[in-house]
Amino acid sequence: MAGILEFAPAIVLLPFLSFLIALGAGRYMPKGGALAGIGATAGSFALSVATFFAVSGGQNYNQTIYTWAEGLDAVNLTFGLLIDPLSAMMLVIVTLVAFLVHVFSLGYMNDEGETGLPRYYAGLGLFTASMLGFVVADNLLMAFMFFELVGLCSYLLIGFHFRQDGPPSAAKKAFLVTRFGDYFFLIGVVAVFATFGSAAFAGPDAFPVLAEEALHGEHSVNTFLGMGEQAWFTVVGLLVLGGVVGKSAQFPLHTWLPDAMEGPTPVSALIHAATMVAAGVYLVARMYGFYVLTPTTLAIIALIGGFTALFAATMGVVKKEIKQVLAYSTISQYGYMMLGLGAGGYVAATFHLMTHAFFKALLFLGAGSVIIAMHHNEDMWDMGGLKDKMPVTYYAFLSGSLALAGIVPFAGFWSKDEVLYETLIHGLGGSPILLAAYAMGLLAVFFTGFYTFRMVFLTFHGEPRSGTARDPHGVRWNVKGPLAVLGVLAATAGLVNMVPVEKLFGIKGIDFLHQFLDGSFSSLNAHHYAELMPYSSGYIGGETGTVAIGAAVSLGLALAGAGLAHRLYNVPEPVEHTDKLGGIKTTLYNNYYQDEYQVWIATGIVQPISRALDKFDQGIVDGVVNGLSSVSLFAGGRIKRLQTGVVSNYAALLTLGLTALIIGLGLIGGWFA
Amino acid sequence: MVPPQYYLVLSAAIFCIGIFGLLTRRNALLFLMSVELMLNAANINLVAFSYYWGNVTGQTFGLFVLALAAAEVAVGIGIILTLYRNFDDVDVMNATTMRW
């Protein structure tokens, strides 16, 4: 296994190859290029698993592959690979989900007779390759480039059905909103280069390490705007965070994600489970050594996360379409990850990133299966009673839902509980902001339980409420297979990190993820982050007591939410109970008028400013330039009359000139003095 | 020995006749002749000063200028021929197409 990490670039290149094949030859191939994509992602998955085991065995890999701009006395811009436990774990997640999504697409796209399949598979391949490139990036600039590629691919895939009205508009919105965040990220990248002269994540000149030394006064860095080091690092951290908030759909840049549901359902699974949305959270985890140095940034991350978790969960309660519910649950779950990172729970957040990737990919693919069965009707009020007609989908979906709601022992319980536990103990250690974020996260658990099971009961239980639900379209192995794989993972993935069990029963050594993430470079492991953390811990009734109380409260709330949904919606003929909320429902259904206020900002503020600037540009800047050119044109038109074309005139001018020259020289020389 | 002032006056007079012809005539052939007059006025100066200083370099120069003038006439006649072919005339006032 010694040399397996040397093959790591192939993990990225294989899906890129499938992109080229699908783009160039997809139309001549059976299945529109799907087989190339399936083969490539399967190969990447196999290599990732091998990489994962090599990394588990203690190997890490940090290598610059190519220097594409070399600076004399300045920064080098490079491409390189950084394989450590974090990226190895992410590689496995991304390649597995991408592989399953490719297989699922056979059922969702090919069997449904969609056109434009080569374009679709080319997009999937490029999307996967970009995300993998982002995951293995060893410096911030390379990460930024692949971050942008991921955004581009999401634009191409969300707008796949470009002949309809909705998808192109949703694709543009996703691109613009995430781009808005990326703008800050770009400034952040430049700031990192200007401050540290390097943007490497690991190695001798890694910028988190330089920042740490600068704060201890062992190393000097350039700060700007007259700020001290601490304040300037906070600014840089917040700039990079702009990109994270955009990509990971955190408040207030979350509005693109629900609209992105216009894309084909397998694409939604890929975007929300493994690739685009995960990229933001992964970036924070990747440069966690930098964020952990600035308490202000951590507190802001925690607050944004906690607020987004609650905010999105409340909107999920009233939605009609199955994919909309899942969209808001995605925003909410990424809120938890941000909360975990902000609260100092690096491992907890990474853990939630992993479990969420599995159960959310499962839920989206399950929803895709339901949508195939319902002839592309996504309204849950037209479904019902699908449990008996499609048992594989039902049980897989149920497994994912239990994981999402956080019911023991499914994956989501362990990770969400650990996120909340870390927030609680660090909040009790003297940080009221974290306690506030904890309260929001805890409240969101109840809503999560409610909307998840409202969705399950409306879709699968009760009596069929429409003709298509009575006689659904069957699905084949290529849909059921991925669902089964992910269903098992959603049920069991949490077992890799059973911290509450360890703490409550004193069984040592079952926090495998903690141990695994500690195996990284000394500046990148979880242990190092814990030393740098600005928080102290506090407990209610000792560590064991706090674990028990935290787990009991969050499980109790999740069960309460699920129980309420069971009571209200698990009946043969459910009615829309949320109608009783009246005006609140209208507000929730309209997403707190987030879209409206953002449109108002665009048309009410930005547009008039742009108009004024356009007037200034057209009138004054262009006016000056045009004025200069018309003056010289006019002058030229007059002066060219000198050129008569008559040779005698030229001779006369020559003679006059000579005479004038002689007289002039004479005057200077003193002839007439 | 004739003093050099006389040669200079003669040369200046011939040069002025040349300029006068250049400025007043419209016939291209007369133009060419006027130019030759001006060239030879300069030649007279060369020869006169050479004679005055007792040095033959100037006279040799004069011979070379004569050869050059012959070549120049060949070119000039060629131009005039083309002028005649294009405008059916050797009047320089007609050839005004090479302006703006």
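So you know, we letter chains A, B, ... as the sequences are listed, proteins then strands, and number each from 1. What you see is a predicted model, and the numbers here were worked out from it, not measured in a lab.
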Q: What I'd like to find out is whether the side chain of R26(B) reaches to under 4.5 Å of the side chain of S648(A), using heavy atoms alone.
A: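 With C-beta onward as the side chain, the pair stays apart.
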Q: Counting neighbours of CZ on F64(B) that are heavy atoms of other residues, nucleotides or ligands and sit closer than 6.0 Å, is the number greater than 12?
A: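 Counting neighbours around CZ of F64(B), 12 or fewer heavy atoms of other residues, nucleotides or ligands fall under 6.0 Å, so no.
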Q: Test of understanding: with side chain to side chain donor-acceptor pair (under 3.5 Å), list the residues that count as partners of E36(B), not counting sequence neighbours.
A: none
Q: Atom CG in L654(A), atom CG in L23(B): separation rounded to 0.5 Å?
A: 10.0 Å
Q: Would you check if T644(A) and T96(B) make a side-chain contact, meaning some heavy-atom pair closer than 4.5 Å?
A: no
Q: For D614(A), I'd like to know if atom CG has over 12 heavy atoms of other residues, nucleotides or ligands within 6.0 Å.
A: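 Check passes, neighbour count above 12.
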Q: What pairs meet the side-chain hydrogen bond (donor to acceptor under 3.5 Å, both in side chains) rule with one or both residues in residues 56-80 of chain B, with sequence neighbours excluded?
A: N55(B)-T57(B)
